[in-house]
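Bear in mind the structure is a predicted one, so any value in this text is a computation, not a measurement. Below, each value reflects all heavy atoms present in this structure, side chains not excepted, and no hydrogens, waters or symmetry copies. Numbers restart at 1 for each chain; the letters A, B, ... are given by sequence-line order, proteins then strands.
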2 protein chains.
Amino acid sequence: MVAQSTRQRVLNAAQQLGYQPNVLARSLRQGETRTIGVVVTDILNPFHATLAKGIQDAADRHGYVAFLFNSDEEPAKERRALETLRGHLPQGLILVPTSGAREHLKAMPDLPVVELDRVTGNPDATTVTTDNAGGGAAATRHLIDLGHTRIGMIVGQQDISTATQRHDAYRAALEAAGLTYDPALVLPGNHREDDGYRAAMRLLSLPPDRRPTALFVGNNEMTVGAVLAARALNLHIPADLSIVGFDDSRWAQTMTPPLTVVAQPAYDLGVQACEQLLRLLHHTGARTPARVQLPTTLIIRHSTGPPGQPRTTASSRDPARPASSSHPPVAPSAGPPRA
Amino acid sequence: MVAQSTRQRVLNAAQQLGYQPNVLARSLRQGETRTIGVVVTDILNPFHATLAKGIQDAADRHGYVAFLFNSDEEPAKERRALETLRGHLPQGLILVPTSGAREHLKAMPDLPVVELDRVTGNPDATTVTTDNAGGGAAATRHLIDLGHTRIGMIVGQQDISTATQRHDAYRAALEAAGLTYDPALVLPGNHREDDGYRAAMRLLSLPPDRRPTALFVGNNEMTVGAVLAARALNLHIPADLSIVGFDDSRWAQTMTPPLTVVAQPAYDLGVQACEQLLRLLHHTGARTPARVQLPTTLIIRHSTGPPGQPRTTASSRDPARPASSSHPPVAPSAGPPRA
DNA sequence: ATGAAAGCGCTAACAA
DNA sequence: TTGTTAGCGCTTTCAT
């Protein structure tokens with residue numbers, strides 16, 4: 001409520017002096033920081049980095065700033081991150097939960113929370129996830145359709161919702177096809193590359209008549225390990241072993257052979273999570289919690305094929321084959337939007 | 001200065017009530033936020049994600065929290081990030097600068113800044129970088145020693161210090177070996193995968209007698225593009241084309257064939273940057289600015305070898321070769337510390 | 001349309 | 001050792 005000219009002069013002066021309002025004082029006064037907290041499980045994992053980018057971009061569009069923390073898959077670190085975050089009075093929280101999350105969240109009862117990718121099981125929570133059941137089923141059916149009957153799975157920790165959902169879908173798909181679910185072919189891992197490596201080594205070292213001819217691996221990092229294990233055992237993909245991974249990545253697109261995967265829309269997951277959180281903040285109407293679920297897509301590349309003949313040792317045949325002519329050239333991999 | 005028992009009781013009560021000091025009020029009062037700002041160029045690039053992790057881990061150890069932003073390689077976004085950051089009164093800043101950074105930093109003259117990986121050229125700046133000159137020279141010499149005489153380079157933007165340093169070292173190494181520097185074999189790119197793809201496509205489409213037999217690619221993302229371009233042209237690595245990349249990664253370790261690279265200690269760079277910044281904050285003595293430079297390592301894998309015979313079309317020979325036996329199995333790739 | 005004053009939650013300084 | 005007070009920079013309210 002000032003004359004235009006005065007307004008302009010003040011604004012100019014502010015500009016000149018490089019005045020920047022003190023966000024802290026403002027936040028303290030009005031009790032709103034325009035800040036949201038984000039805790040992902042592993043920022044070095046491209047899937048999580050992409051989630052984070054989606055969140056930050058969306059938050060920025062709405063005038064919020066997102067503070068990003070890392071739990072490194074460790075409940076204790078998650079707890080620390082949440083405590084640190086809390087001191088900064090975020091107006092909401094987006095969390096890829098560890099197994100300790102449900103407990104930790106009790107300490108911050110009034111904070112709007114969106115659970116992203118995984119879910120703590122809290123029935124009141126707003127969640128943004130992917131269709132893990134559909135993805136797990138599609139992957140397993142794809143292998144069944146190719147003729148595999150001994151399909152192994154490397155599965156994440158059973159206290160993580162995505163891992164159990166993918167595992168349940170795998171089991172259901174097997175049984176729906178009349179195949180028996182063999183617990184000996186299912187090995188757990190803690191979501192990291194070397195977990196996948198170790199699990200695959202064990203599964204692939206079974207005697208030939210019991211060794212799986214195909215592997216469904218429950219997350220992107222463990223898939224890398226599984227592929228390396230197959231290489232170390234000199235098993236040819238897909239002739240000796242078919243592999244389906246979960247979550248697409250440039251690595252999956254460009255490895256030889258390009259990997260068949262269940263793709264998840266990571267960037268959109270992040271954007272959705274942020275949008276849901278902002279909805280929570282604004283429509284403070286306590287209606288039924290939102291559950292957003294985004295679809296997965298089975299992308300069939302060249303790491304899956306019909307099963308080969310069982311043989312006594314893996315390296316006993318394997319005729320020389322050209323490395324690059326077995327599949328078409330690959331164009332530059334598409335990433336999430338960058339601009 | 002309270003009796004022990006009282007102290008305990010108060011602490012307990014605080015715990016019970018879930019009391020958490022209000023960081024904003026505290027910061028406002030004491031004028032120190034225990035916060036540092038971090039702006040990297042591309043959080044989706046594993047190199048930058050690793051820098052960020054090193055910084056965050058180090059900051060955490062010292063009781064600081066690091067707020068992470070993204071400039072997406074765009075000066076305008078960098079400016080926005082810095083403005084946002086400034087409002088939150090960080091006590092210092094770690095920046096992987098874009099070309100606009102020098103200008104942007106003028107708006108925040110009293111903020112201690114560490115320039116990370118790249119350098120704006122400000123002589124007063126504290127910097128933490130790698131030995132780009134040494135790395136570029138080692139890569140080039142390696143190719144020369146293998147017998148290559150037409151060595152191309154895909155180089156980053158010339159207003160980015162790392163790009164010019166690597167390029168200058170390449171040129172100097174060529175000339176030191178008595179080879180002529182051919183500008184037609186040097187193509188610029190904007191640090192992204194598709195820039196590398198396009199540049200490599202152009203270089204590799206030169207007539208056979210002028211086409212480079214080896215490529216030194218100036219950063220990790222563009223190297224991916226270059227490899228895919230070689231595949232698209234059905235050029236065999238290393239028989240038809242040797243490639244050396246800059247910056248190691250899991251992708252480089254596990255692609256076929258495993259990539260020869262100049263490795264940089266990304267995680268340590270982040271840690272060092274944070275430590276230097278904290279040193280600036282505490283030893284406020286305005287002595288000569290620190291310049292930390294970490295070494296690079298040439299890791300010779302299987303994407304480099306002696307040049308083949310020039311041929312008219314790339315796909316005219318290429319006898320079938322076993323894909324997996326030409327190099328030893330690869331163990332799970334080592335990453336930076338996670339715990 | 002403008003000015004004055006109170007107070008957000010904390011801590012540093014001082015007084016008792 | 002304990003209690004009181006002022007003030008960080010801002011916004012909101014109320015009075016002019």
For the pair made of [atom1] in [X] and [atom2] in [N], what is the distance, rounded to whole Å?
X: Asn22(A); N: dG9(D); atom1: CG; atom2: C1'; result: 6 Å
X: Glu32(A); N: dT11(D); atom1: CD; atom2: P; result: 11 Å
X: Arg29(B); N: dT5(D); atom1: CZ; atom2: C1'; result: 10 Å
X: Leu89(A); N: dC10(D); atom1: CG; atom2: P; result: 18 Å
X: Leu28(A); N: dG9(C); atom1: CG; atom2: P; result: 7 Å
X: Leu24(A); N: dT11(C); atom1: CG; atom2: C1'; result: 15 Å
X: Arg34(A); N: dT11(D); atom1: CZ; atom2: P; result: 13 Å

Is Arg192(B) salt-bridged to Glu73(B), cutoff N-O under 4.0 Å?
no
With the threshold set at 4.0 Å, does a side-chain nitrogen-carboxylate oxygen contact exist between Glu115(A) and Arg102(A)?
no
Considering only heavy side-chain atoms of Ala25(A), the closest of dG9(D), dG9(C), dT11(C) is dG9(D)
For Arg26(B), what residues pass the side-chain hydrogen bond (donor to acceptor under 3.5 Å, both in side chains) criterion, not counting sequence neighbours?
none
Could you give the side-chain donor-acceptor pairs of residues 105-112 of chain B under 3.5 Å, partners two or more places apart or in another chain?
residue	atom	partner	partner atom	Å
Lys106(B)	NZ	Glu103(B)	OE1	3.4

So for atom CZ, which belongs to Arg80(B), do other residues, nucleotides or ligands contribute more than 12 heavy atoms lying within a distance under 6.0 Å?
no
I want to check one thing: is the phosphate of dC8(C), taken as OP1 and OP2, less than 4.0 Å away from some side-chain N or O of Gln30(A)?
no
Determine which bases of DNA chain D form Watson-Crick or G-U wobble pairs with both distances under 3.5 Å, and write the result as a 5' to 3' dot-bracket string with | for other-strand partners.
|.||||||||||||||
Does a donor on one side chain and an acceptor on the other come within less than 3.5 Å for Glu78(B) and Thr98(B)?
yes
